[in-house]
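Below is one structure, written out as structure tokens; the observations come after it.
The figures that follow rest on heavy atoms only: side chains count, while hydrogens, waters and symmetry mates do not. Order of the sequence lines fixes the chain letters, A, B, ..., with proteins taken first and strands second; residue numbering starts at 1 for each chain. All figures in this text were calculated on a predicted structure; none of them were measured in a lab.
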Amino acid sequence: MTRVPISLIGPDADYSDKTVKGKVVRIGRLVSLASDNNLLKTVIQEEDSPPNASAQNPSINVVLFGGLAKDFNQAVNQGDVVVASGFTVGRSPTVHKDKLHPFNLLLSGDEARVYMISHVSRATKAPKYTYSGLDALKAGSVVNAYGVVVFFKQPFKSRGTDLCSTLKITDQSNQRIACSVFGEKLENHPKVFQVGDIVRLHRFKVQFFNSSMTLVNTFGFSVLAFDGAEGGSMEPRTSSRSFHLDQEDRRTVEELRSWAAGQALLPPTPTTPLSAAQPKAYFDLTCQLLAKAPIDSTCTLLRVWDGTRCAHTLLKVTVEPDATEGPSSFSEARERLIANILVYDNHVELAGQLKPGDFLRIYNLRAIPGSSKVPGHASSHQQEEEEVDHLAFHLHGGTAYGRGIRVLPENSPDVQEMKRVMEAVPDEDDFSELNDSQLLEVWSTPPESAGESVVSRSCGHDTRTVTLSDLKRSDPGLVHHVRVQLRSYEPHRLHQALKLYCSKCTSMEDVPNDELVARLFSEASEDPAPCSPPAWALSGRVAIPGERPAPPTRAVGVHLSTHPVTQLFSFFFHAAGSTLEETRRLAAGYQNVVPVRSSGGHMALLDLSAPFLFRGLKRYFGCKRCSEAAVREPVCAEGLEPIDEKVLAEALGVQLLQFVLLMKLELQDASDRLDVFLWRDAESFFGVSAEDAAANQEAQNSIRQTMASLCPAGGSTGTSGSRVYTAQSGCSFTDMLQEY
DNA sequence: GGTTAGGCTTTG
């Protein structure tokens, strides 16, 4: 065999008796493909290019398949020198992105070989970071350091071009060192959420200021933040995809945690729930934003809750419903749990970026007793006296005392705890904000009189039966039992009863039909612009699984993302150029298929009328109003949970829509008729989840059978065959049959 | 590989 210089690799040549030699400069993740195949991408660089070569030390992508990929992954270290043979040459799909060789080497099949010429031992593989104690910092040097946060400010706008975070950190030396982080992007700032958090700083410059040390980030810096509690999660908070964390790092974090616990550096109550808010006190609040409204240019109203009820009556702030983002009113029960927060000055800009549904931590919030004048909404004297005991909450201007607002990730332990509290709040559920008039809007053929609908409530099953005529004369809001005949129902086509519901903006819409979706797919594939895949994606082509008898299979371009810890192939993008039908077939063979298109040279999701995700037979949709979709790599918080529709929706900035069932029933008894909506309890009524009903025939048949036996004439006007049931909300159809 | 900030007694 003869060796070919990397620079001379090109198409249309026979490489069966050729070798390529190079140093391994990058090793990708091992990707498991379908049917027990593996794939691994690596980059090798020629160290001894011949003098006549066009480029010095050129690099080339090498893609290994099958057992070779697996063996290579186990054996190789960065820095090893290898020789490859038995390869073929293909066009590199990533040449524009990685600026490497326009072709790549493909090593698959029996002839493919990789020989290791020299081997670097594991111990010297990763560059080792050394960390300075905070008492050993030398001005002018660039250091790495660990510290426990004793003071922090959330990123705020500096007078320059960047956002600025300031921290004060300490360690076992008891030195307290100031630290400033500058950067344009919020995601590069330390994700410090409370005093006691631990940070790991890389590449910070030591500067002297007023006889005290300060650490300032330099080029190529990184910050990881860890929970400071003993036994807390070891998952660092970072936006970086490529941080390195080894056993020694974990030990350092553990040591700082136990040291800090002994020093009582962690505040005993990091945040105060609304139920413990005291007048005049300053406190940090973890909460969920429900709605917001601008008051004037220096003040914004945030309406939040945390699931607990404040011991003091909360101040009501009235604003125009039109100016409110999110629901403008809530049920009475919910209103009692909602705190109105007025945020001022510099916080107004940040508040503008918040979305109803966001989980927030608000730092240095002040509880203010008595009525306070809201700019532009001066209340009358009478009202002021009435509200004298009421609590309002202010976030003053400025960043002193760490005043600020931070969006917390949904997976943070404090948010999880708060959600448990919220879930236990009675008389509220996902649909509480959707009222009858909204339902009628959703309904394609609204009944003539909106007054004929009633809202269902769960009940104690001890109410006596009333006639429909009694019911219609009684006050709204009461719970009734009726003994009625189902005269008719709508829609007759089950797919029209399936709706998509957004828990964030409480909108409900029809499920887009296949014709519309197919059209979006064909439109997306018409864009001829080349699409540069993101750096983390592995690009290639896969064959569309065919049907039997197999038609000629077609291959489509795909971009893969693999699971960071298990390295299992778990996520799958497919590029523009395939049809809905092809995507459907891909989804049958691969776990997660996210259709993408080319948009201005970048990878983007399709219009959100199309499913953003195919998982087997199931399709998932996103809310057009609440999503800020972008193709990003999905990351698992703990690294081990499966990548499901929720993880993907979050990574892609998609607000996941929930399938719900909505039916209109026309009830009749001797006294009257009544239209009712079956929806909130529809799933328990049919004993079928709406998501299943959207994807599987068995679930659909079950609903169909239930309706057919309730209303055998299929809802036609001839109802002589209809049977009569005693209906109780919260009751399944099977329960009803037993009672009958 | 430059500038920003460099807690701090807030108050509608």
Among [options], which is the nearest nucleotide to the side chain of [X]?
{"X": "F219(A)", "options": "dG6(B), dG12(B), dG1(B)", "value": "dG1(B)"}
{"X": "R176(A)", "options": "dG12(B), dA5(B), dG7(B)", "value": "dG7(B)"}
{"X": "F151(A)", "options": "dA5(B), dG7(B), dT4(B)", "value": "dG7(B)"}
{"X": "Y344(A)", "options": "dT3(B), dG12(B), dA5(B)", "value": "dG12(B)"}
{"X": "D345(A)", "options": "dA5(B), dT4(B), dG12(B)", "value": "dG12(B)"}

Under 3.5 Å, is there a donor-acceptor pair linking the side chains of [X] and [Y]?
{"X": "D414(A)", "Y": "S412(A)", "answer": "no"}
{"X": "D249(A)", "Y": "Y129(A)", "answer": "no"}
{"X": "Y401(A)", "Y": "H396(A)", "answer": "no"}

Base, sugar-phosphate alone, or nothing: which one does [X] contact when heavy atoms must sit under 4.0 Å apart?
{"X": "F152(A)", "value": "nothing"}
{"X": "A178(A)", "value": "nothing"}
{"X": "G397(A)", "value": "base"}

| said: Going by centres under 5.5 angstrom and planes under 30 degrees, do the aromatic ring of Y401(A) and the base ring of dT9(B) stack? | reply: no
| Centroid distance under 5.5 Å and plane angle under 30°, F182(A) vs dA5(B) | no
| task | May I have the distance from K157(A) (atom NZ) to dA5(B) (atom C1'), rounded to whole angstrom? | result | 16 Å
| message | I need the CG-P distance between N188(A) and dT4(B), as an integer number of Å. | response | 20 Å
| request: May I ask you to evaluate whether R159(A) reaches the phosphate of dA5(B), defined as a side-chain N or O under 4.0 Å from OP1 or OP2? | output: yes
| For K153(A) and dG6(B), is the shortest distance between a side-chain N/O and OP1 or OP2 below 4.0 Å? | yes
| request: Using the six-membered ring of F156(A), assess whether NZ or CZ of K153(A) lies under 6.0 Å from its centre and within 45 degrees of the ring axis. | output: yes
